[in-house]
Amino acid sequence: MMDQNAQILTPPSEPREFGFFMEGSWVPAGDRDLFERSSPGHGVPVTRIPRCTEDDLNTIVASARTAFDDRRWCGLSGADRAAVLLKAAELIRQRTDEIAYWETLENGKPISQARGEVSGCVGMFEFAAGLARALHGDSFNNSGDGAMGIVTREPVGVVGLITPWNFPFLILCERVPYILASGCTIVAKPSEVTSATTLLLAEILSEAGLPDGVFNVVTGSGSVIGQKLAEHMDVDMLSFTGSTAVGRSVVAASGQSNFKKLGLELGGKNPQIVFADADLEDAADGVAFGIAFNTGQCCVSGARLLVERSVAEKFAGMVADKLRKVRVGDPLDERTQAGAITTDAQNRTILSYIAKGQEEGATLLIGGGTPEIAGGQYIDPVIFTNATNDMAIAREEIFGPVLVVIPFDTIDEAISIANDTEYGLAASVWTKNIDKALTISRRVQAGRFWVNTTLAGGPELPIGGFKASGWGREAGMHGVEEYTQIKSIHVEIGKRSHWVE
Ligand code: NDP
């Protein structure tokens, strides 16, 4: 087990077995199949999670439905909901090391990064607590003395929440406190390979005083349980984060069932635009961070480096120097900056794109090695130069530490290459010229934009994408409003003027 005092943590000697979570309690696996998860950083089993059945899913959704319909949560004041969210923030803070440990074991990310993410999640709960009290509608006092118009926001109902394996706890917490602030109830379905920290959050919320049935976790695979959740007639809204391909199937499932409202955060192929007048030292560090952070398994990774031609070669060399120094290593080692690749399938995908880039004629400037570390799966960060934006490595989401360098000559050309993608999730610009920064930020199609930085943000700022990167926004006040629907109330004042004399 985890020794909190040890310098380098070790995986558990036995995998930890979890139940799933409903009605405020753990449900042990019983005779259900168990999925055994091995740490991608160490190759040893670390958790066992039940594979819920369709009957389990129906029972869980029914519990979330009852908890919504009897108003045990949405009927509370915003202040009472805020109190629960603040208490949850405090409990997450207290359990940071434990959450980070299981996150690292199942995901392969560095332990120091996992701890930082959990701390960020505390802020999400604290900020959303304020929003539970700030959420409001509108009124029209300008319809004459005989009428008044009131526009209210109501929670949308039971929300299905399907989350991926790249940031299991962070992505969860970019949604859960905001959804709870709105008054909705939740059935969460984490990725089967990274379920542990979602289950820990369920325990924390219960301890924080969240009424039973308001936050539930169904475990199992996406193709079985995720699909059934997307099709479920009693789920009013589904928030899905993951691949564009499954995003399409979720849209179809909604259309073929009850037209549930959808929030989708899908793929990206995000440009980092670097001008010759940038602080190139800062930009090189930011670009290296933008592609190697979370081993590039990040929907907002800066995977395309668009760089002004006059400095392209020099700048690629500067980024290469940075990436060579990134400490790829055992995720449980405090010094590690880039950990393991999370799934076997993702590992194969990344390696196949590294081969494909070379077949397409791009130059592999650095990286692509697969170092033997701690029994896990690792890939050294890659830079491809001599690439064009029509190559597969520049068009398709690789979801790994693979940077593709494409030179440009003018602002218009940079904007045109940046937008020449089906996606529109995020973009960065690096320049000391305010005109260029604002022109680029206005014309590049992306839901998140960074100037002289990357992968930055906080609980106040909404996240989501343009184009095939998704629908809707999470986090910030927009992330609460997404989980509401609007009702117009027209009130007549005084004696009605009759239609029939
Ligand atoms: P998926 O889209 O398959 O997985 C994301 C989530 O959806 C997981 O919880 C998964 O469950 C679930 N899921 C899978 N199939 C269905 C379905 N039919 N109906 C409902 N839910 C489903 O992504 P992958 O794990 O296969 O990764 C593939 C690629 O997707 C990556 O290479 C990357 O390009 C992209 N991706 C993008 C992410 C983002 O943040 N935008 C996050 C993850 C992946 P389970 O894992 O249990 O099968």
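Start at 1 and go down the list; that is how both ligands and their atoms are numbered. All of these numbers come straight from a predicted model, not from anything done at the bench.
- S243 OG, 2.6 Å is the protein heavy atom nearest to atom 2 (O) of ligand 1.
- Side chains of W165 and E106: no donor on one and acceptor on the other come within 3.5 Å.
- Side-chain atoms of I291 and V319, non-hydrogen and from C-beta on, never get closer than 4.5 Å to each other.
- Between K189 and ligand 1 there is a heavy-atom distance shorter than 4.0 Å.
- Close contacts between ligand 1 and E192 involve ligand atoms 45 (P), 46 (O), 47 (O) [criterion: under 4.0 Å to a heavy atom].
- Nearest protein heavy-atom contact of atom 19 (N) of ligand 1 is Q227 N, 3.4 Å.
- Nearest protein neighbour of atom 38 (C) of ligand 1, counting heavy atoms only, is F399 CZ, 3.5 Å.
- Heavy atoms of C298 come nearer than 4.0 angstrom to ligand 1 in no pair at all.
- A side-chain N or O of D390 and one of T388 form a donor-acceptor pair less than 3.5 Å apart.
- I225 places none of its side-chain heavy atoms less than 4.5 Å from the side chain of R51.
- Under 4.0 angstrom from ligand 1, there are no non-hydrogen atoms of T244.
- Looking from atom 46 (O) of ligand 1 to the surrounding protein, the closest heavy atom is S191 OG, 2.7 Å.
- Inside a 4.0 Å radius of atom 26 (O) of ligand 1 there is not any protein heavy atom.
- Using modelled atom types and a 3.5 Å distance limit, the side chains of E474 and Y483 yield a donor-acceptor pair.
- With ligand atoms numbered from 1 in the order given, ligand 1 contributes 47 (O) to contacts under 4.0 Å with heavy atoms of G220.
- Contact annotation: for E265 versus ligand 1, heavy atoms closer than 4.0 Å belong to the backbone alone.
- A donor-acceptor pair shorter than 3.5 Å cannot be found between the side chains of T421 and R304.
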Show me, pair by pair, the donor-acceptor contacts under 3.5 angstrom made by side chains of residues 116-124, not counting sequence neighbours?
unit_1: E117; atom_1: OE1; unit_2: K109; atom_2: NZ; d: 2.9
unit_1: E117; atom_1: OE2; unit_2: K109; atom_2: NZ; d: 3.2
unit_1: E117; atom_1: OE2; unit_2: Q113; atom_2: NE2; d: 2.7
unit_1: S119; atom_1: OG; unit_2: R115; atom_2: O; d: 3.1

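- Between L229 and L238 there is a side-chain heavy-atom pair separated by less than 4.5 Å.
- By the 4.0 Å N-to-carboxylate-O rule, D380 lies too far from R324 to be salt-bridged with it.
- Contact of the L105 side chain with the P12 side chain is registered, since non-hydrogen atoms from C-beta on lie closer than 4.5 Å.
- Protein heavy atom in closest approach to atom 14 (C) of ligand 1: G222 CA, 3.6 Å.
- Within the 4.0 Å cut-off (strictly below), no protein heavy atom is located near atom 4 (O) of ligand 1.
- Every atom of ligand 1 with a heavy atom of F240 under 4.0 Å away is listed here by number and element: 2 (O), 6 (C), 7 (O).
- In this structure, T163 is part of the shell of residues with a heavy atom less than 4.0 angstrom from ligand 1.
- Among all non-hydrogen protein atoms, the one lying nearest atom 34 (O) of ligand 1 is E397 OE1, 2.6 Å.
- Under the 4.0 angstrom criterion for non-hydrogen atoms, T241 is in contact with ligand 1.
- Backbone and side-chain nitrogen or oxygen atoms of V246 are examined, and none is located within less than 3.5 angstrom of a nitrogen or oxygen of ligand 1.
- W165 NE1, 3.7 Å is the protein heavy atom nearest to atom 24 (P) of ligand 1.
- Heavy-atom separations between F167 and ligand 1 are all 4.0 Å or longer.
- The distance from ligand 1 to the heavy atoms of Q346 drops below 4.0 Å at these ligand atoms: 31 (C), 32 (O).
- The neighbour count for K228 NZ, taken as heavy atoms of other residues, nucleotides or ligands under 6.0 Å away, does not exceed 12.
- With 3.5 Å as the limit, one finds a donor-acceptor pair spanning the side chains of T53 and D56.
- Residues E396 and Y353 have side chains that bring a donor and an acceptor to within less than 3.5 angstrom of each other.
- Between W102 and F18, the ring planes are perpendicular. Angles over 60° get that label, and only those under 30° would be called parallel.
- Those atoms of ligand 1 that come under 4.0 Å of a heavy atom in P164, given as number and element, are 42 (C), 43 (C).
- Residue A230 has no N or O atom closer than 3.5 Å to an N or O atom of ligand 1.
- Nearest to atom 20 (C) of ligand 1 among the protein's heavy atoms is G226 C, 3.2 Å.
- The shortest heavy-atom distance from S221 to ligand 1 is under 4.0 Å.
- Q297 and T295 are linked by a side-chain donor-acceptor pair at a separation below 3.5 angstrom, with hydrogens and angles left out of the test.
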